[in-house]
A.B. asks: 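To start, I am sharing the structure in question, which I have written as structure tokens.
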There are 2 protein chains.
Amino acid sequence: MAVTLRDVARAAGVSAATASRALSAPHLVAPERRELVRRVARDLGYQPNRAARELITGRSGHLCLVVPDLENPFFSAVAKAVQARARTAGHAVVVADAEEDPVLEAELVAQLGAQADGVLLCSPRMSADDLAQVASVGRPVLLVNREGAGLPSVAVDNRDGVRQAVRHLHALGHRRVAYAGGPVGSWSDARRRDGLAALDLDVEVLDLGAHAPVFAGGVAAADLALATGATAVLTHNDLMALGVLDRMRTRGVRVPDDVSVVGFDDAPVATLVTPSLTTVAMPLARLGRTAVDLLLSPGDGDVPHVVLPVELAVRASTAPAPSHPPEPR
Amino acid sequence: MAVTLRDVARAAGVSAATASRALSAPHLVAPERRELVRRVARDLGYQPNRAARELITGRSGHLCLVVPDLENPFFSAVAKAVQARARTAGHAVVVADAEEDPVLEAELVAQLGAQADGVLLCSPRMSADDLAQVASVGRPVLLVNREGAGLPSVAVDNRDGVRQAVRHLHALGHRRVAYAGGPVGSWSDARRRDGLAALDLDVEVLDLGAHAPVFAGGVAAADLALATGATAVLTHNDLMALGVLDRMRTRGVRVPDDVSVVGFDDAPVATLVTPSLTTVAMPLARLGRTAVDLLLSPGDGDVPHVVLPVELAVRASTAPAPSHPPEPR
DNA sequence: TTGTAGGCGTTATCAT
DNA sequence: ATGATAACGCCTACAA
């Protein structure tokens, strides 16, 4: 059996109550006894029993992180940062993969969230109604990378990301830019379209519609882009941008000579491909850290909506616009 | 306050004990009452309090997964599978990222593992002594992707992976193959070298030494490989293989025409680059699932060491050997 | 088959 | 400043 608080108390010659206080409310105990108890606890290798503590305090020391797909580099980066920050705050992280399934997502929040001190929810496509439903767990829920349902949130500045990307292309002489959007219902995709609509640049934006946010989606979008005569393509994320790169190569279109390509996310793979990918870098680690801080900080009344800045990472996939529209050969 | 077992019992007109049994030992309760209680519980949205249950049973319903780096696609794939399997087994997963730090690794196992029903440890480079030390938590510990310290384990057949890779290259006519190894102390790297030493093929293996298992490590290895006149390079993992591809391109060496490249892992990125990467595919999902099954199954006496088969995924980065050794230009 | 009662390890309350 | 005592929610002998 593990060493218990009573063992420590007995060894230190004090009551269990004093031992408890010496460890978790030190200022309430006389200095000598406090140090005595703490030393004895250390020597005995005492570790408080989380279950017993939770039973009385109602706090488990666990945070629950729900993501659509742990294998997606975007979410694994967030998960890593969340885990690290939570640890320094004395919390463990229970991770749940919702497998891109909104129903499972709701179940997970209900089951796991109920036993955690708070829930970090990455749910790009859940409707506001479902969000509100889900958020009725008795625990604080914080949205990561989206806003909605009046819940606290941490997101990135998607509109500015789009602005930076298009401004970069405009400066390179591009005047026709195609946008390959993400899945229907994606909150961040909606914000990016807001950004495109609000541009005050002399640039024609061609909407290529909604696509699966994966390699194949980019492949499909590439053909559409070429048909529009655009000299640059902006995609919903980096995986799609890779699909565009691949398809362009297949069709004999050179990147960046004939067509420039800009992605979103700055996934690790962005620097591993040729040409390396110009992309809107998301502060994923900061996103995760901020989420934890906000969830654990005592809510001072109003609901926080933090928006983090993004930064365009210019690499080899963008170059000055060609004098003539690209022609596949 | 959440609905408690007593609430259910009261609503169903039975004692708390009967309610408890109806839910967690159904065969001990008369059918009618059992169904009544279960229905009432469902209607009230009863969820057992894990802390209370743990306090008495000693089981928390949590598994602890420790990995060196959550952002590494290898481990995020394992984590995803572990999470999914654990969930179906009624367990939540506490994930801990050790940040490639053996000291932190040990701490995490000690702290988090002590409050979990078991620990899944991915620790490619920890020494056997440290493993034994770490494993002295009061909970079952299972090693993932390595063996050691007499602990139960699930690993993949690294030796066979090497064999398959070299056999493939041999069949393509390659007779000089360079091996770019992973970090010193890596268990799987050691097994792969065993595999290389045990080959019964007419192939000369050139050892390029140990490298960081990342893109840059591959870049460095590429130059070494060219200096040996090898016509094929086998790398410790896919990230390194990508580094080799990049460096070969920079130096004007064509892949696969001049040099063939084979990676290890079959990371998602393997199909996203050009040329797509021939690589030894690891059954990562199966690795995670098997690990959970083994950890939760009642140990039937002897310590299990499961070895999962690997499979060579042949793609575009390997081709018949050139008639002359590659010459950078 | 069902109910009663005790206790798991900790913190909070209330005396002292 | 300290100690005795009562919870927290659940499970499980034991008794009926």
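On a predicted model such as this, the values are computed, not experimentally measured, just so you know. In the text below, chain A, chain B and the rest are named by the order of the sequence lines, each starting its count at 1.
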A.B. asks: Tell me the interatomic distance from A:Leu55, atom CG, to C:dG7, atom P, rounded to whole angstroms.
C.D. replies: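 So the CG-P distance, A:Leu55 to C:dG7, works out to 16 Å.
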A.B. asks: Starting at atom CG of B:Asp7, determine the distance to atom P of D:dG9, rounded to an integer number of angstrom.
C.D. replies: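 Whole-Å distance recorded here is 9 Å.
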A.B. asks: Is the distance from OP1 or OP2 of D:dC10 to the nearest side-chain N or O of B:Thr4 less than 4.0 Å?
C.D. replies: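 Looking at the OP1 and OP2 atoms of D:dC10, one of them is under 4.0 Å from a side-chain N or O of B:Thr4.
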A.B. asks: Checking A:Ser136 side chain against A:Gln133 main chain: does a donor-acceptor pair fall under 3.5 Å?
C.D. replies: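 Yes; at least one donor-acceptor contact below 3.5 Å.
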A.B. asks: Show the distances under 3.5 angstrom between N or O atoms of the protein and N or O atoms of nucleotides 2-5 of chain C.
C.D. replies:
from	atom 1	to	atom 2	distance (Å)
C:dT2	OP1	B:Arg33	NE	3.4
C:dT2	OP1	B:Arg33	NH1	3.3
C:dT2	OP2	B:Ala30	N	2.8
C:dT2	O5'	B:Arg33	NH1	3.3
C:dT2	O3'	B:Arg33	NH1	3.2
C:dG3	OP2	B:Ser15	N	3.2
C:dG3	OP2	B:Ser15	OG	3.0
C:dG3	OP2	B:Thr18	OG1	2.4
C:dG3	N7	B:Arg21	NH2	2.7
C:dG3	O6	B:Arg21	NH1	3.2

A.B. asks: Rounded to whole Å, please give me the gap between CD in A:Glu54 and P in C:dT10.
C.D. replies: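 These atoms are roughly 14 Å apart.
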A.B. asks: Under 4.0 Å between a side-chain nitrogen and a carboxylate oxygen: does that hold for A:Arg87 and B:Glu99?
C.D. replies: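 Here A:Arg87 pairs with B:Glu99 in a salt bridge, since their nearest N and O are under 4.0 Å apart.
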A.B. asks: Check the distance between D:dA7's C1' and A:Arg53's CZ and give it to me in whole angstrom.
C.D. replies: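 In whole Å, D:dA7 C1' lies 17 Å from A:Arg53 CZ.
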A.B. asks: Reckon A:Ser20 touches a base, only the sugar-phosphate, or nothing at all at heavy-atom distances under 4.0 Å?
C.D. replies: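 Here A:Ser20 touches the bases of the nucleic acid.
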A.B. asks: Round to the nearest Å and state the distance from B:Leu36 atom CG to C:dT1 atom C1'.
C.D. replies: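 Spelled out: CG on B:Leu36 to C1' on C:dT1 is 15 Å.
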A.B. asks: Output the rounded distance in Å from CZ (A:Arg59) to P (C:dG9).
C.D. replies: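 For the pair A:Arg59 CZ and C:dG9 P, the rounded distance is 20 Å.
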A.B. asks: Can you tell me if the side-chain N/O atoms of B:Tyr46 get under 4.0 Å from OP1 or OP2 in D:dC10?
C.D. replies: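 For D:dC10, OP1 or OP2 has a side-chain N or O of B:Tyr46 closer than 4.0 Å.
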A.B. asks: Give, for atom CZ of A:Arg125 and atom CD of A:Glu100, the distance between the pair rounded to the nearest 0.5 Å.
C.D. replies: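 Between atom CZ of A:Arg125 and atom CD of A:Glu100 there are 5.0 Å.
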A.B. asks: Can you give the dot-bracket line for DNA chain C, using ( ) for pairs inside the strand, [ ] for pairs that cross earlier ones, | for pairs with another strand and . for unpaired bases, where Watson-Crick and G-U count if both distances are under 3.5 Å?
C.D. replies: ||||||||||||||||
A.B. asks: Donor-acceptor pairs under 3.5 angstrom involving side-chain atoms of residues 140-157 of chain B: please list them, not counting sequence neighbours.
C.D. replies:
from	atom 1	to	atom 2	distance (Å)
B:Arg146	NH1	B:Ser123	O	2.9
B:Arg146	NH1	B:Met126	O	2.5
B:Arg146	NH2	B:Met126	O	3.3
B:Ser153	OG	B:His305	ND1	2.8
B:Asp157	OD1	B:Asp160	N	3.1

A.B. asks: Are any non-hydrogen side-chain atoms of A:Glu105 and A:Val66 less than 4.5 angstrom apart?
C.D. replies: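 With C-beta onward as the side chain, the pair touches.
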A.B. asks: To the nearest angstrom, how far is B:Leu5 atom CG from D:dT12 atom P?
C.D. replies: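 The answer, rounded to whole Å, is 12 Å.
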A.B. asks: Are side-chain N/O atoms of A:Asp130 and A:Ser127 paired as donor and acceptor at under 3.5 Å?
C.D. replies: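 Checked: A:Asp130/A:Ser127 side chains pair up, N/O donor to acceptor below 3.5 Å.
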A.B. asks: Going by distance alone, is a donor N or O of one side chain under 3.5 Å from an acceptor N or O of the other, for B:Asp117 and B:Ser60?
C.D. replies: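 Present: a donor and an acceptor within the cut-off.
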A.B. asks: What closest approach, in Å, do A:Leu44 and A:Ala11 show between heavy atoms, and which atom pair accounts for it?
C.D. replies: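 Looks like CD2-CB, 4.2 Å.
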A.B. asks: Name the residue closer to the 5' end of DNA chain C, choosing between B:Ile56 and A:Arg50 according to the nucleotide with the nearest heavy atom.
C.D. replies: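 Nearest-nucleotide comparison on DNA chain C picks B:Ile56.
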A.B. asks: Would you name the heavy atoms of A:Ala16 and A:Leu5 that are closest together and state the gap between them?
C.D. replies: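 Closest approach of A:Ala16 to A:Leu5, heavy atoms only: O-CD2, 3.8 Å.
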A.B. asks: Just N and O in the side chain of A:Thr57: are any of them under 4.0 Å from OP1 or OP2 of C:dA12?
C.D. replies: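 Negative; the distance criterion is not met.
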